[in-house]
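See below for the structure under consideration.
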Amino acid sequence: MITVQAIFSLLRGYDRDARPLFVRRGNTYRWRAIRIMMVALAVVIAFLSEPGGAASPPATLAPLIGANLPAISDYSPTPVYVDLVKQGRRFGTAMTPWDEKAVLADDGWPIGDFGIFLMTGMADIQGTGGTYKVSFNGQAKVEVVASNATTANPHYDAERNVSTVDVIMPQGSNQLVLALTGTRGNIKNLRVIRPGYDPAEPPLFTREFLQHIARFKTIRLMDWLETNGRDNVTTWATRTDPARTHYAAATGAPWEDIIALANLTRQDIWINIPVRATDEYVEQLAILLKSTLNTQSRIYVEYSNEVWNPMFTQFGINVDSAVEEVRRKPQSALAYDGKKDKYLLAFRRVAQRGKDISDIFRRVFGDDAMMTRIRPVFSGQVVRPHLAEMGLEFIANRYGPPSDYFYAFAGAPYFNLGKRQTEEGLTPGEVLDAFEQSVRDIPAVNLIENNLALAAWYGLPFIAYEGGSDTFGPGSLQAKKQASMDPRMLAICRQYLNNWYASGAGLFMWYTAGAGNWDTQYGTWGLTTDLALDNAPKIRCMDEIAQAAPPPSSARHQIPGSFDAIEYVGNLPPYKPETRGRIRYMHPGSGQVDYLINAPRAGDYSLIVRAEAGRAGNAISIGLNNRVINPGFELKATGWDAPQDNAAIPIRLTQGLNTIRISTTRETSGFGLTALTIR
């Protein structure tokens, strides 16, 4: 990147031959003019590359692949901040800082001697050795605690009230813990700057981190924001204060840092609203984003994270909030139809809160920004799409098309080891075999077509808020680690993502970017174990997918064409004979069948239903994309085992995926669907 400092050097009058730009030497004016034009162009480029400029992301960034950023912590091998304090633990007592029990003043700084646990688990991470520059306001003795490091060059500048000291840590050391004693309770603004950075003007983020995430167009900040389990954030006043230290370990990164990152990289951001956040909080956040975030970065907005998941506290908070709302206000929209099941109310509330957040962002950013720059996302559980349908159906019935409030419907289609997830004694090859089988099974296990059809029915694209390789749990830990670094992992990852895109799904947010510790039962999350290992299979997969064109659609029903009625949503080959019963014995009120079709272009088409019926009077309802287009289409009476095409029904399709829904409205002798044709 061309820096402003480099341009100033050019403007001071020197070219690459160390000759002044503005000296006449024969016929050199033309060359000097060209050089001046090049400098001017460099100035423009540098301006557009600086935060606050208008540079677009690099053209190589694929819009369909993004990543969740890993959680910020002292034990993370992903070096996010240049100042270690920002990802250190809470302040602890001086000689046992890991207890995190230092007494703090209202400004967040200790009122006496204290210590801080800065990082651990770094023995095998490259680039951690060197001299760390420590500085703070006040006077204290800095000591190393339980760490392979030494201090040197202590200095106190009385005029500025600034103390400095060097901490030298050899490469291969595992952790860094410091104690400050003799403080008299006057220590403020402690900084511990990594080796290789100017301690006087350090950047916020490390070079390694920025270089690593530059491959992604979109970044999801769920873990940065400590979304899971955060029930203490309500009003705007309770958000993370950027003026306080060690916020990463305590309450999540401040919004200002997220904005600073996006302004630097021009990436799109996917943010998560705390489960208890008030409307005032959401409005103030939207105002902050509008006033300080560059206009190039798009904003995906999601209510909390996996509110459907009972393992997270936000699940119970949402259930209780839904029940309490209806108790206090029996006429609540959540109970618009009189139903009071608490879980139905809860899943409706997730959609309701998402709609409320969408409305607030609309008020702040304006109508033109919605579904373009501002992209509210409604998320569900892929293996139970009916949970999400409760919310989307509620929005459709109570407020109108969900696409007026949400940009996309999202799920998390991981691949894993299946029944061998926690098995001991596996070899790396067996882990990879299980991965390959899981990738093959994803359409059925994760109900991909069901989710695509649900999304298309409500006019939404289907995207992934998370996904990737899941090795979570005990058993065969080293085999899982070795498999994740095996060259076969590249092909598995490619096949996995290509299958996703070929199905008709969109943006995929890998979980996670960065480096992770793969020696524990908590999974081989991350793309590598050390950012220096930048040729890891999962990193290569991200780069190859980003640079390749998406594969052609493999949605089952490409039109124009005909297909067997047994090929309804969720019924995948090889077809079991008994599944034909669902389209042969469709009684009124007993359900419906959906068909997911892929139209090459938007426009007018004809739908022809081929069916067999014992006698006249059997009628079906035909819906398309959340609209009933024929509520009582009567089927011809041809007799059983004598299927016949019925009259063509005009339909209007959108380009891409559409969902046709058929249900029974009237039954005489019964009927059976045999085929559908769209032309």
Side-chain angles (χ1 to χ4, degrees), residues 68 305-306 308-311 347 379-390 408-423 426 430-457 461-476 480 483-484 488-489 491-512 523-525 538 541 545 551 553-557 566-576 578-579 582 593-596 657 659:
N68 287 257
N305 172 67
E306 295 191 357
W308 52 263
N309 192 339
M311 72 176 289
F347 292 120
S379 296
Q381 185 182 20
V382 289
V383 298
R384 295 193 293 171
H386 64 280
L387 301 182
E389 188 163 16
M390 292 182 193
F409 169 50
Y414 285 97
F415 67 94
N416 52 36
L417 279 74
K419 295 180 180 179
R420 313 192 79 177
Q421 188 77 6
T422 59
E423 186 176 330
L426 295 178
E430 289 173 323
V431 172
L432 292 163
D433 290 343
F435 278 163
E436 288 178 341
Q437 185 61 51
S438 178
V439 169
R440 289 192 292 269
D441 291 342
I442 277 178
V445 172
N446 282 339
L447 305 180
I448 297 300
E449 189 179 53
N450 301 66
N451 284 278
L452 286 164
L454 176 61
W457 177 255
F462 181 49
I463 64 178
Y465 65 86
E466 289 177 16
S469 56
D470 174 13
T471 61
F472 187 88
S476 306
K480 291 174 179 177
S484 297
R488 279 178 63 189
M489 189 65 181
I492 293 170
C493 175
R494 273 197 314 243
Q495 187 63 56
Y496 168 66
L497 290 173
N498 282 331
N499 289 353
W500 169 262
Y501 296 126
S503 74
L507 174 65
F508 190 99
M509 302 297 294
W510 189 273
Y511 191 86
T512 63
T524 56
W525 310 118
K538 287 190 280 187
C541 177
I545 290 294
S553 171
S554 63
R556 280 196 292 177
H557 307 316
I566 200 174
E567 298 173 4
Y568 50 82
V569 167
N571 191 30
L572 302 178
Y575 304 111
K576 298 179 180 178
E578 58 267 26
T579 61
R582 184 172 176 185
V593 287
D594 290 348
Y595 296 93
L596 184 66
L657 299 181
T659 300

Donor-acceptor contact below 3.5 Å, side chain Lys480 vs main chain Leu426:
no
Starting from the C-alpha separation in whole Å, work towards a yes-or-no answer on side chain to side chain contact (heavy atoms under 4.5 Å, CB included) for Trp510 and Lys538.
CA-CA 10 Å; Trp510 189 273; Lys538 287 190 280 187; 3.7 Å; yes
Taking the side chain from Thr422 and the backbone from Gly473, do they hold a donor-acceptor pair closer than 3.5 Å?
no
Can you give me the closest heavy-atom contact between Pro551 and Ala502, atom names plus distance?
CG-N, 3.8 Å
Phe472 vs Trp525, test: side chain to side chain contact (heavy atoms under 4.5 Å, CB included). Steps then yes/no.
CA-CA 9 Å; Phe472 187 88; Trp525 310 118; 4.1 Å; yes
Scan the side chains in residues 408-419 for donor-acceptor partners under 3.5 Å anywhere in the protein, sequence neighbours excluded, and list what turns up.
{"from": "Tyr414", "atom 1": "OH", "to": "Glu466", "atom 2": "OE1", "distance (Å)": "2.6"}
{"from": "Asn416", "atom 1": "OD1", "to": "Gly418", "atom 2": "N", "distance (Å)": "2.9"}

Does Phe508 reach the side chain of Leu497, with side-chain heavy atoms less than 4.5 Å apart?
yes
So which heavy atom on Val382 is nearest to which on Asn451, and how close?
O-ND2, 3.0 Å
Within the 6.0 Å centroid threshold, strictly below: Phe347 and Trp308
no
Pairwise salt bridge (charged side-chain N to carboxylate O under 4.0 Å, His left out) hits with a residue in residues 437-450, at least two apart:
Glu449-Arg556
Once you round to the nearest 0.5 Å, how far does CD of Gln421 lie from OG of Ser438?
8.5 Å
Looking only at heavy atoms, what is the nearest atom pair of Phe435 and Ser469, with distance?
CZ-CB, 4.4 Å
How many angstroms lie between CG in Leu657 and NE2 in His557, if you round to the nearest 0.5 Å?
11.5 Å
Nearest heavy-atom pair of Ser503 and Ala555: which atoms, and what distance?
O-CB, 4.3 Å
Least distance between heavy atoms, Asn450 atom then Pro385 atom:
CB-CG, 4.1 Å
Could you walk me through whether Gln495 and Asn499 pass the side chain to side chain contact (heavy atoms under 4.5 Å, CB included) check?
CA-CA 6 Å; Gln495 187 63 56; Asn499 289 353; 2.6 Å; yes
What's the spacing between Ile566 CD1 and Tyr575 OH if we round to 0.5 Å?
7.5 Å
Give a yes or no on whether the backbone of Gln381 and the side-chain of Asn309 come within a donor-acceptor separation of less than 3.5 Å.
no
Does the side chain of Asp433 come under 3.5 Å of the side chain of Gln437 through a donor N or O and an acceptor N or O?
no
The reported gap from CG in Asn571 to OG1 in Thr579 (rounded to nearest 0.5 angstrom) is 4.0 Å
Interatomic distance, Leu596 atom CG to Ile448 atom CD1 [nearest 0.5 angstrom]
12.0 Å
Nearest 0.5 angstrom please: Leu507 CG to Trp500 CH2, how far?
9.0 Å
Any donor-acceptor pair under 3.5 Å from Asn446 side chain to Ile442 backbone:
no
In short, Ala455 meets Phe462 closest at the heavy-atom pair CB-CB, 4.0 Å
Could you check Tyr496 against Ile545 for side chain to side chain contact (heavy atoms under 4.5 Å, CB included), going step by step and ending with a plain yes or no?
CA-CA 11 Å; Tyr496 168 66; Ile545 290 294; over 6 Å; no
